[in-house]
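Chain naming here is simple, since letters A, B, ... match the order of the sequence lines and numbering starts at 1 in each. Note that the coordinates shown come from a computational prediction; the quantities given were computed from them, not determined experimentally.
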Number of protein chains: 2
Amino acid sequence: MTTSLAEENYLKIIYRLCEGTKEDISTNSIAELTNNKAASVTDMLQKLAEKGWVTYQKYQGVRLTKIGESIALSIIRKHRLWEVFLVEKLGYNWDEVHEIAEQLEHIESETLINKLDSFLDFPKIDPHGDPIPSQEGEIPELGYLHLSEVKLNETCTLMGVAKDSAVFLQLLTKLNLSLGARLEVVEINTFDRSVSLKIAEEKPIFISYEVAKNILVKI
Amino acid sequence: MTTSLAEENYLKIIYRLCEGTKEDISTNSIAELTNNKAASVTDMLQKLAEKGWVTYQKYQGVRLTKIGESIALSIIRKHRLWEVFLVEKLGYNWDEVHEIAEQLEHIESETLINKLDSFLDFPKIDPHGDPIPSQEGEIPELGYLHLSEVKLNETCTLMGVAKDSAVFLQLLTKLNLSLGARLEVVEINTFDRSVSLKIAEEKPIFISYEVAKNILVKI
DNA sequence: ATTAATTTTTAGTCTAGTCTAAAAATTAAT
DNA sequence: ATTAATTTTTAGACTAGACTAAAAATTAAT
């Protein structure tokens, strides 16, 4: 069965919301991320349920079915592979690629995405450190922690980000925080959970909890 | 102003029809190429005229305005650059890329297409020998002839095709006719205008007028 | 355990882009 | 120069996907 652009965007966003939780997903939370009104979302959920891509109970929220999940994963795979292309081959920065990949992820061609994968040398992660699902829909488990969970005086490596909005990525760039950086947590303020970090041997920088939470690291 | 997918497809097709002729373009001819009904075409022509992309007189056909033409050219530029990418970088054959490029040509990003251009080393022609419009909408004039116009016993070089349907391209491939081949016209049948060709020093092959007409050559 | 607040759904409307059927204009044919 | 055939346009209807406003269900608060 074929998927429209609108349907693909819904499935992708429902997937993202499912990831965090075992709870069913609320209409409102979808409305927020799709920038649609709740009424429109209800409409679409009924269509998606009709097609067998979500299980949906009136007033009780929604979840992806196996098929729905595999459609979502294939879109995410395409999105992330195109991001690798844009950064590695065309020379974009990591904060510039999201919008373009949002368009490219809807190009429909099985062979295209596999040839692209091969051209890029089968990358496992995208430019933000997010794992790239395989053709079969397997996501390499990377076991990263949020920087906000790292203990005082521990050292870790910046492996990715949990959010890829341009402003956030630009902030990291300004702070000299890039993939692979070695970070030592030299101070944690219990009051607001903000953190001081040493990058390599530089003098410490200060980041808020909000930022620390969205940085993924490996110990 | 922004262009919808449907609008872009109409403009592209009107451009192609304008190319051949100084006459205004008929509703029916557009209907045929867009695979829409004439009534739908009329509707769209009125919208395009409204936006200033075509001049349109009821019952008198349609032409692109300067702006309409530049939109069409930018889509054609994108289409052809993506085709080069698909063939040169991803290893597709020339008869496999049209459908995918039809999708990619609608990706909207000024920077993307220029970075792609640079990544591909500023190609002047696509995998079918068609010229790639510049960012400013200039089309390199290649001065090619149709093979059907070549005189008896003349020798020429295959530079491109005037039609890029998969079946046609596959036929050429089967006949060993590829870009750059040296062709000698050894016989022209006045009855049906079919042609016998020698490719390099091989024994002659026979092609119909229909095929010869769609092969572009340089003397 | 009611009432109030919030969330979700229904009902009805809108737009873009398509369609069919019928009317109008143009072109071709006698 | 009429009539016939063809092309094009109008009119009205449909679908996908969005919206607003109002109704219904759920959740929270007293």
Candidate nucleotides dA18(D), dT20(C), dG17(C), ranked by approach to the side chain of Ala6(B) - the nearest: dG17(C)
Side-chain donor/acceptor of Thr34(A) to backbone N/O of Ile30(A), under 3.5 Å: yes
If the cut-off is 4.0 Å, is Lys58(A) near the phosphate of dA25(D), judged by side-chain N/O to OP1 or OP2? no
Mate of dT15(C) where both pairing distances stay under 3.5 Å, Watson-Crick or G-U: dA16(D)
Find the distance Asp24(A):CG to dA25(D):P and express it as a whole number of Å. 20 Å
Quick one: label Thr27(B) by what it contacts on the DNA or RNA (base, sugar-phosphate, nothing), any heavy atom closer than 4.0 Å. sugar-phosphate
Does Ser134(B) use its side chain to pair, donor to acceptor, with the backbone of Glu138(B) at less than 3.5 Å? yes
Closest approach to the side chain of Thr42(B), judged atom by atom: which nucleotide of dT18(C), dT9(D), dT20(C) is it? dT9(D)
Length of the line joining Glu8(A):CD and dG17(D):C1', which is rounded to integer Å: 15 Å
Measure NZ/Lys37(A) against C1'/dC14(C) and give the value in whole Å, please. 14 Å
With a non-hydrogen cut-off below 4.0 angstrom, is Ala38(B) in contact with a base, only sugar-phosphate, or nothing? base
Respond yes when some side-chain nitrogen or oxygen of Gln46(B) is under 4.0 Å from OP1 or OP2 of dT10(D), and no when none is. yes
With both distances under 3.5 angstrom, what nucleotide forms a Watson-Crick or G-U wobble pair with dT7(D)? dA24(C)
Round to a whole Å and report the spacing from CG of Asn35(B) to P of dG17(C). 17 Å
May I ask you to verify if any side-chain N or O of Tyr56(A) is less than 4.0 angstrom from the OP1 or OP2 atom of dT9(C)? yes
Can you confirm if the NZ or CZ of Lys89(A) lies within 45° of the ring axis of Phe119(A) and under 6.0 Å from the centre of its six-membered ring? yes
Please determine if a side-chain N or O atom of Gln60(B) lies less than 4.0 Å away from the OP1 or OP2 oxygen of dT26(C). yes
Whole angstrom value for the distance that separates P of dT8(C) from CD of Glu32(A): 11 Å
Mate of dT30(C) across any strand shown (Watson-Crick or G-U wobble, both atom pairs under 3.5 Å) is dA1(D)
Give the rounded distance in Å between these two atoms: CG of Asp43(A) and P of dC19(D). 10 Å
Starting the side chain at C-beta, find the nucleotide from dG17(C), dA18(D), dA21(D) nearest to Ala39(A). dA21(D)
If the cut-off is 4.0 Å, is Asn28(A) near the phosphate of dT8(C), judged by side-chain N/O to OP1 or OP2? yes
Look at Glu7(A) together with Lys47(A) and state whether they make a salt bridge at an N to O cut-off of under 4.0 Å. no
Please state whether the phosphate of dT7(D), meaning OP1 or OP2, lies under 4.0 angstrom from any side-chain nitrogen or oxygen of Ser26(B). no
Given atom CG of Leu45(B) and atom P of dT10(D), what is their separation to the nearest angstrom? 11 Å
Is it true that atom CD of Gln57(A) has more than 12 heavy atoms of other residues, nucleotides or ligands lying nearer than 6.0 Å? no
Find the distance Glu50(A):CD to dG17(D):P and express it as a whole number of Å. 14 Å
Testing Asp130(B), Asp126(B), Asp117(B) one by one against Arg77(B) for a salt bridge (Lys or Arg N to Asp or Glu O under 4.0 Å), which residue passes? Asp117(B)
Out of dG17(C), dT26(D), dA18(D), minimum distance to the side chain of Asn36(A) belongs to dA18(D)
Among dT10(C), dT9(D), dT8(C), the one nearest any side-chain atom of Tyr59(A) is dT8(C)
Side chain of Met44(B) only, please: which of dG17(C), dT20(D), dT10(C) is the nearest? dG17(C)
Measuring to OP1 and OP2 of dC19(C), would you say a side-chain N or O of Ser40(B) lies under 4.0 angstrom away? yes
